[in-house]
Asks: 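Pasting in a structure now, in structure tokens, and then I'll have a few things to ask.
Position 1 is the first residue of the sequence, and the numbers go up from there.
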Amino acid sequence: MKEQFYKYQYPHPAVTVDCIIFGFDGQNLKVMLIQRKSEPFAKMWALPGAFVEEAESLESCAERVLQKEGNISGVYLEQLFTFGSPSRDPRERVISVAYMGLVKTADFELIAGNDELQIEWRDISAISDLAFDHSQILQTAINRIRGKIRYQPIGFELMNAKFTIPQLQQLYEAILGKTLDRRNFRKKLLSMQILKQLPEKQQNVAHKAASYYQFDRERYEVLMNEGIYLELV
């Protein structure tokens, strides 16, 4: 006798994945945006996204979106939030699961997919209205990263292997959107002992050459395992 499976009879909302990829170019915090080719919201800028296919996980969909719409792969992604306003998509009832990631802009050459007119890095301070509810999604992601960078070393993912403390401060200021006191920032970071000072300094600079540092991940993990809370800024 053939086994019978129960099937849901009520309408199913569609599910999409939208990706918020933040990039740092050494001076400003940016986000990857696409310009839509088709309706709804044709020619408007939006976050890259796609409908989840039947046999596809949410994570796999996010990876497919970034590869297809931006030529980006191998990026660590974190699930941000779920957005489900009934009116968020004029086509049908659509629930979006948002993922966010952090990259160095120099590591990737953005290439628009067939479904976009353009793709670019846009400074987060220079973004107007986005398609769908993507302005709300982006602001949620900005709030999340601003909260996390205060107590988790996520900023080091956006730095080169070696960096100066002024360069690191520039990153934190770009993310937080405010100026930090130079002396306090330096003093607090060094007091945590999560940075390794390297013997080399900057070369051929107009100002006083700054020392290079590396993030000491092992030291950070030890502190976390000991339950020590780090307030980085």
Side-chain angles (χ1 to χ4, degrees), residues 14-83 88-91 94-142 144-145 149 154-161 163 167 170-171 174-175:
V15 178
T16 61
V17 163
D18 289 306
C19 296
I20 311 97
I21 304 300
F22 291 110
F24 184 60
D25 63 0
Q27 292 185 317
N28 300 303
L29 182 67
K30 299 178 180 291
V31 67
M32 186 176 75
L33 295 178
I34 62 163
Q35 188 178 35
R36 292 177 57 81
K37 180 181 292 186
S38 57
E39 296 290 353
F41 305 109
K43 297 185 179 180
M44 284 191 68
W45 290 90
L47 298 167
F51 286 93
V52 181
E53 297 177 354
E54 286 288 339
E56 186 177 46
S57 70
L58 295 174
E59 292 78 10
S60 296
C61 181
E63 293 170 358
R64 173 172 61 85
V65 165
L66 294 179
Q67 180 63 57
K68 180 181 178 182
E69 298 191 12
N71 191 41
I72 287 181
S73 61
V75 176
Y76 169 77
L77 294 171
E78 170 185 330
Q79 192 173 121
L80 172 67
F81 202 72
T82 301
F83 298 83
R88 63 176 305 275
D89 192 316
R91 293 168 294 188
V94 178
I95 294 172
S96 174
V97 182
Y99 281 79
M100 73 174 192
L102 300 169
V103 302
K104 295 190 288 290
T105 58
D107 288 349
F108 298 96
E109 179 185 1
L110 298 184
I111 300 176
N114 294 329
D115 297 330
E116 302 90 51
L117 295 174
Q118 298 181 69
I119 184 169
E120 67 179 36
W121 292 109
R122 185 80 61 85
D123 194 318
I124 62 169
S125 64
I127 297 175
S128 56
D129 290 340
L130 300 178
F132 304 101
D133 57 351
H134 289 188
S135 294
Q136 177 190 357
I137 296 176
L138 175 58
Q139 189 58 55
T140 302
I142 292 173
R144 170 73 65 85
I145 192 176
I149 201 171
I154 59 173
F156 296 102
E157 302 296 331
L158 297 175
M159 302 300 295
N160 293 323
F163 51 83
Q167 289 171 343
Q170 192 165 26
L171 166 65
I175 292 177

Asks: Are the side chains of Leu158 and Ile175 in touch, meaning some heavy atoms are under 4.5 Å apart?
Replies: yes

Asks: Within the structure provided, determine whether Leu58 and Tyr99 are in side-chain contact (heavy-atom separation under 4.5 Å).
Replies: yes

Asks: Should Ile20 and Ile145 count as side-chain neighbours, where that means a heavy-atom distance under 4.5 Å?
Replies: no

Asks: Counting only heavy atoms from other residues, nucleotides and ligands, does the tally under 6.0 Å from CZ of Phe41 exceed 12?
Replies: yes

Asks: I'd like to check Phe51 versus Val94 (side-chain heavy atoms, cut-off strictly below 4.5 Å). Are they in contact?
Replies: yes

Asks: Give the intermediate values and the outcome of side chain to side chain contact (heavy atoms under 4.5 Å, CB included) for residues Asn28 and Ile124.
Replies: CA-CA 8 Å; Asn28 300 303; Ile124 62 169; over 6 Å; no

Asks: Would you sort out whether Asp25 and Trp121 count as a side chain to side chain contact (heavy atoms under 4.5 Å, CB included), showing the intermediate values?
Replies: CA-CA 10 Å; Asp25 63 0; Trp121 292 109; over 6 Å; no

Asks: Using only atom types and a distance under 3.5 Å, with no angle test, would you say the side chain of Asn71 pairs donor to acceptor with the backbone of Glu109?
Replies: yes

Asks: Examine distances only and state if a side-chain atom of Glu78 and a backbone atom of Met100 form a donor-acceptor pair shorter than 3.5 Å.
Replies: no

Asks: Is the shortest side-chain heavy-atom distance between Ile137 and Phe83 below 4.5 Å?
Replies: yes

Asks: Is there side-chain contact between His134 and Trp45, with at least one heavy-atom pair below 4.5 Å?
Replies: no

Asks: Any side-chain heavy atom of Arg64 sitting closer than 4.5 Å to one from Val17?
Replies: no

Asks: Mark yes or no for whether Glu116, through its side chain, and Gly113, through its backbone, hold a donor-acceptor pair below 3.5 Å.
Replies: yes

Asks: Compare all side-chain heavy atoms of Lys37 with those of Leu117 and state whether any distance is below 4.5 angstrom.
Replies: yes

